[in-house]
Amino acid sequence: MKNKFLFFIAAVMAVIFIVTGCSSDFDYKKADVDTSVSDAPYSNARIGICIYQLNDDFMSLFSEEMVNYLVSLGFSKDNIIVLGSSNNQAIQLSQVEELVEKKVDVMIVNPVNASIVNSITEQAVANDIPLVYINREPSAEEESNWEEYDLDVTYVGCDARQSGIYQGELLIDFGVDKLDLNKDGALQYYMIEGAPENIDAGFRTMYSVSTLENAGIKMDCLLDEVGNWDMATAKLIVAKGLSQGLVPEVILCNNDAMALGTMEAIKEADLVPGKDIYVAGVDALPEALQEVKNGGLIGTVFNDYISQSHSAVDAALKYLAGEKNEHYIGCEYVKVNSQNAEDIIKEMGSNTAVEKREDD
Ligand code: GAL
């Protein structure tokens with residue numbers, strides 16, 4: 001692997017020397033960056049943002065907040081390019097090429113999957129473009145290359161194990177006796193997973209259940225399916241399960257979009273979420289927070305897109321200023337139940353006071 005990477009670096013250097021026009025227009029090494037005010041030291045800097053799928057509810061909030069924050073810091077909207085990759089790795093690779101051709105000064109990428117990360121890193125490094133990955137963590141091997149070769153590449157995200165543990169704890173805190181509606185000493189449950197081979201989905205699935213089991217609760221899985229982080233897909237899965245007579249007490253969803261779809265399916269089966277079946281999500285989407293407040297959802301886990309989007313932009317700014325970043329920039333999840341949902345709603349309200357992006 002090391003030899004392969006050294007060869008890659010040699011090739012990169014050759015490309016940098018041979019190809020003219022690879023260096024950026026904006027001289028970020030000399031930029032006098034002041035992140036506290038909007039005196040627009042970045043007005044000429046161009047930033048390329050690539051999101052695995054723009055109609056993902058959570059990533060849409062995340063990318064909007066990055067744009068708002070960039071604009072509040074003095075970036076010109078015209079210099080912020082946001083591309084959605086329709087969950088297609090070929091599309092994403094060609095979009096990264098497009099951003100390179102457009103000579104962006106820094107890239108923020110939410111990869112479609114871990115297997116294309118190495119190609120994206122190669123393109124960025126070969127063209128001297130600093131790179132911030134978000135939300136979908138690259139492999140440990142990839143991250144160790146950034147460290148070993150001192151590349152201007154980093155990752156911003158939370159540890160999904162924590163969100164799984166918190167989801168399990170939300171149920172424990174609620175009270176297993178209340179959840180065990182049929183009083184058989186076990187929790188019958190559905191698991192609605194995010195996406196195949198996705199770290200967040202894998203860890204949330206595993207750790208939510210193991211947290212409950214480690215607390216001595218017998219878990220009885222009736223159905224485990226992939227909902228692709230999507231409300232409509234989750235709704236179909238749950239509707240099918242209920243129509244087949246699989247009666248769950250609890251439905252654990254890897255995210256809130258799927259929890260909201262689950263709630264719809266429960267209602268359409270003439271059952272009451274939060275009474276006949278308990279549902280939990282992750283993300284703290286605004287609609288989900290209202291449901292937690294009203295008791296429709298038992299809880300959610302705040303996946304703090306505000307701090308993550310700001311950290312990603314701050315890391316990009318440091319690169320623009322010619323400074324280094326740690327190669328892993330973490331964040332904390334927060335458990336949300338009916339007691340603190342209102343606080344989180346208020347917190348999000350005050351934090352989103354930055355200018356909103358216009359729909360062009
Ligand atoms: C997760 C988030 C999901 C979805 C996913 C995409 O962190 O909770 O809602 O956006 O990322 O990879």
Side-chain angles (χ1 to χ4, degrees), residues 49-66 82 84-89 91-92 108-117 120 132-139 155-167 170 191-208 226-235 237 251-263 279-289 291-292 297 299-309 311-312 328-336 344 348:
I49 300 175
C50 203
I51 302 292
Y52 95 95
Q53 178 155 273
L54 270 180
N55 67 6
D56 175 294
D57 295 271
F58 176 72
M59 288 317 300
S60 132
L61 286 175
F62 195 128
S63 57
E64 273 191 32
E65 185 61 27
M66 281 194 293
V82 183
S85 311
S86 301
N87 201 20
N88 180 315
Q89 60 178 51
I91 292 179
Q92 184 159 68
I108 298 180
V109 177
N110 168 217
V112 166
N113 58 45
S115 62
I116 59 165
V117 163
I120 295 172
V132 179
Y133 286 109
I134 52 169
N135 175 258
R136 292 178 157 192
E137 188 172 357
S139 67
Y155 170 71
V156 173
C158 309
D159 182 347
R161 279 171 281 228
Q162 188 185 42
S163 53
I165 292 169
Y166 281 178
Q167 197 180 53
L170 279 164
M191 175 64 71
I192 313 296
E193 298 198 30
E197 293 168 39
N198 177 280
I199 294 185
D200 288 1
F203 280 155
R204 287 176 193 167
T205 299
M206 189 192 302
Y207 281 86
S208 55
V226 170
N228 287 319
W229 306 115
D230 176 55
M231 185 168 171
T233 311
K235 183 177 172 184
I237 293 170
I251 302 186
L252 296 170
C253 301
N254 282 176
N255 78 346
D256 281 349
M258 299 192 297
L260 293 166
T262 292
M263 281 186 63
V279 184
V282 175
D283 278 342
L285 295 181
E287 305 86 320
L289 285 172
E291 291 299 347
V292 173
L297 289 179
T300 184
V301 183
F302 183 27
N303 189 1
D304 190 344
Y305 71 90
I306 297 167
S307 83
Q308 289 174 73
S309 56
S311 293
Y328 180 94
I329 300 169
C331 64
E332 295 290 317
Y333 285 100
V334 180
K335 263 189 269 185
V336 188
I344 302 286
M348 285 170 71

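Ligands are counted one by one from 1 in listed order, and the atoms in each one are counted from 1 as well.
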Tell me every residue that passes side chain to side chain contact (heavy atoms under 4.5 Å, CB included) with Gln162, counting only those two or more places apart in sequence or in another chain.
Tyr166, Glu332, Tyr333
Sequence neighbours excluded, the answer for salt bridge (Lys or Arg N to Asp or Glu O under 4.0 Å) partners of Asp159 is Arg161
Residues in salt bridge (Lys or Arg N to Asp or Glu O under 4.0 Å) contact with Asp200, at least two apart in sequence or another chain
Arg204
Sub-3.5 Å pairs, protein N or O with ligand 1 N or O:
residue	atom	partner	partner atom	Å
ligand 1	7 (O)	Asn135	ND2	3.1
ligand 1	7 (O)	Asp200	OD2	2.7
ligand 1	7 (O)	Arg204	NH2	3.3
ligand 1	7 (O)	Asn303	ND2	3.2
ligand 1	8 (O)	Arg204	NH1	2.8
ligand 1	8 (O)	Arg204	NH2	3.4
ligand 1	8 (O)	Asp283	OD1	2.6
ligand 1	8 (O)	Asp283	OD2	3.3
ligand 1	8 (O)	Asn303	ND2	3.3
ligand 1	9 (O)	Asn255	ND2	2.9
ligand 1	9 (O)	Asp283	OD2	2.6
ligand 1	10 (O)	Asp56	OD1	2.8
ligand 1	10 (O)	Asp56	OD2	3.1
ligand 1	11 (O)	Asn135	ND2	3.1
ligand 1	12 (O)	Asn135	OD1	3.1
ligand 1	12 (O)	Arg136	NE	2.7
ligand 1	12 (O)	Arg136	NH2	3.1

Hey, what do you get for OG1 (Thr300) to CD (Gln167), rounding to the nearest 0.5 Å?
7.5 Å
Side-chain contact, heavy-atom cut-off 4.5 Å: Ser63 with Leu54?
yes
Can you list the steps and then say if Gln308 with Ile134 is a side-chain contact (heavy atoms from CB on, under 4.5 Å)?
CA-CA 8 Å; Gln308 289 174 73; Ile134 52 169; over 6 Å; no
